[in-house]
2 protein chains.
Amino acid sequence: MWMGRETGCGSEHLIGPADGGRVPAANREGQASRMTHPEAGHQEAPPRRQVPARRRQAGSAIERACVARGLKMTGQRRVIARVLSEALDHPDVEEVYRRAARLDSRISIATVYRTVRLLEEKGILERRDFGGGRARYEPSEHGHHYHLIDVDTGRVIEFSEGGQEALLQAIAERLGFTIVSVRLELFGRRNVPERDEAERPGGNK
Amino acid sequence: MWMGRETGCGSEHLIGPADGGRVPAANREGQASRMTHPEAGHQEAPPRRQVPARRRQAGSAIERACVARGLKMTGQRRVIARVLSEALDHPDVEEVYRRAARLDSRISIATVYRTVRLLEEKGILERRDFGGGRARYEPSEHGHHYHLIDVDTGRVIEFSEGGQEALLQAIAERLGFTIVSVRLELFGRRNVPERDEAERPGGNK
DNA sequence: TTAAGTGCAAATACTTTGCTGAATC
DNA sequence: GATTCAGCAAAGTATTTGCACTTAA
């Protein structure tokens, strides 16, 4: 009982920075194997399956969530909300800023940081850390799921696993805790069934 | 099939910074619920159950691992290795530095950063991120295990779950990947069976 | 109108690095 | 004795914040 949803670029050529991304110093993540491309290949607005025009008038899903929580909706927030609602990947702040600025240049990075933080506090967004030193965000409403990160390309694949929930809850229970949230990330390497290995993208040195 | 090993302070009073810790700005972590105390309460050398004197002469476990890998052993590295070998918690760089400096004041924070990074690359240490913006380290040889973080106190409890491994491997397999490493962290709240709740340490606002 | 949001730039916090002197193998 | 390492301070990168101005409700 599982279901995978790919969130990086649809294809395999996700190596490049895809934009003037920073990489120098803070090029570390959280696992033993260094991940060279923290979710390279961005994917913003749905390729062609945009939200029906009618629903657009009511704003993005996240915008509605903001309104529901009584947040003041400024133009900037509306744009940021839309960018995040339409994102199929897990953009970092810099990327959210880039996409938002494309829609409305009156937005500053500081506002993106502030907004994203506010939305996280309100439970509308969830912060993720797939290494690379930058925080990434995704709408909470995406439902519970976990991530599989391709250590060679940085691509992130989401998956959910029904049985897991209960098991984890049981473990926490035994330790005397109630789970507030779960972070399950698999860092893996793509299997190469056809040709034999030894020719991997990021090759382990 | 599970086994829990508590790694934070043994007791419950782990609120204080335990030392001149920084807290201001970078006070964010990775989950919806804000964790106010990123593993507060440090625990360095084993309270009283120190490594037998004989084994000490051969250096700490980590030192031996370094030698085995042909690393040049300087006094600083030896001290840092010892601090990490004897740590029962997951100290961040600043904390490793503090403990190391206590044993040998000729150590600079830059060296700690360099050493810790080197050891991670060599597979001797593993970097962890429990939120709070600082990387934490623990010896790889501690074996595979996961973490349960108390969102109220920041205490970290390690646990392992045999069945898990196979299941995760199966999931990765279905997605066409081979697992390189796993990150499973449960963020939870301690159950209060006796008195009713509403009076929690960090209280949610 | 008024509290809340925004831009900008400066400030923080964590981490890396260039360079020179020092220590290891 | 050559190569690698350490210290120091400066540079980077990610994120937050003070302040004056703007805007939503």
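Throughout, protein chains are lettered first and strands after them, A, B, ... in sequence-line order, and every chain is numbered starting at 1.
Distance, B/Tyr113 OH to C/dA13 P: 12 Å, rounded to whole Å. Straight-line distance from the CG atom of A/Leu118 to the P atom of D/dT16: 12 Å, rounded to whole Å. The nearest whole Å value for the distance from the CD1 atom in B/Ile80 to the C1' atom in D/dA6 is 10 Å. With rounding to whole Å, A/Arg136 atom CZ is found 10 Å from D/dT15 atom P. As a whole-Å value, the separation of A/Arg134 CZ from D/dT16 P is 15 Å. At whole-Å resolution of the value, CD in B/Glu95 and P in C/dA13 are 17 Å apart. Atom pair B/Arg77:CZ and D/dT4:C1' shows a separation of 8 Å (rounding to whole Å applied). Between the NZ atom of B/Lys122 and the C1' atom of D/dT4 there is a distance of 12 Å, rounded to whole Å.
Heavy atoms of B/Ile107 sit under 4.0 angstrom from primed sugar atoms or phosphate atoms, though from no base atom.
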Note to self: Treating primed atoms plus P, OP1 and OP2 as sugar-phosphate and everything else as base, which nucleotides of nucleotides 18-25 of chain D get B, S or - for protein heavy atoms under 4.0 Å?
What the structure shows: B-----BS
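For B/Tyr97, there are no side-chain hydrogen bond (donor to acceptor under 3.5 Å, both in side chains) partners two or more places apart in sequence or in a different chain. Contacts of B/Gln164 classified as side-chain hydrogen bond (donor to acceptor under 3.5 Å, both in side chains), with partners at least two apart in sequence or in another chain: none. Scanning for side-chain hydrogen bond (donor to acceptor under 3.5 Å, both in side chains) contacts around B/Gln169 gives an empty result, with sequence neighbours left out. Annotation: side-chain hydrogen bond (donor to acceptor under 3.5 Å, both in side chains) contacts of B/Gln76 (sequence neighbours excluded): none.
For residues 107-116 of chain A, the pairs satisfying side-chain hydrogen bond (donor to acceptor under 3.5 Å, both in side chains) are A/Ser108-A/Thr111, with sequence neighbours left out.
A donor-acceptor distance shorter than 3.5 angstrom exists from the side chain of A/Ser85 to the backbone of A/Ala81, with no hydrogens or angles considered.
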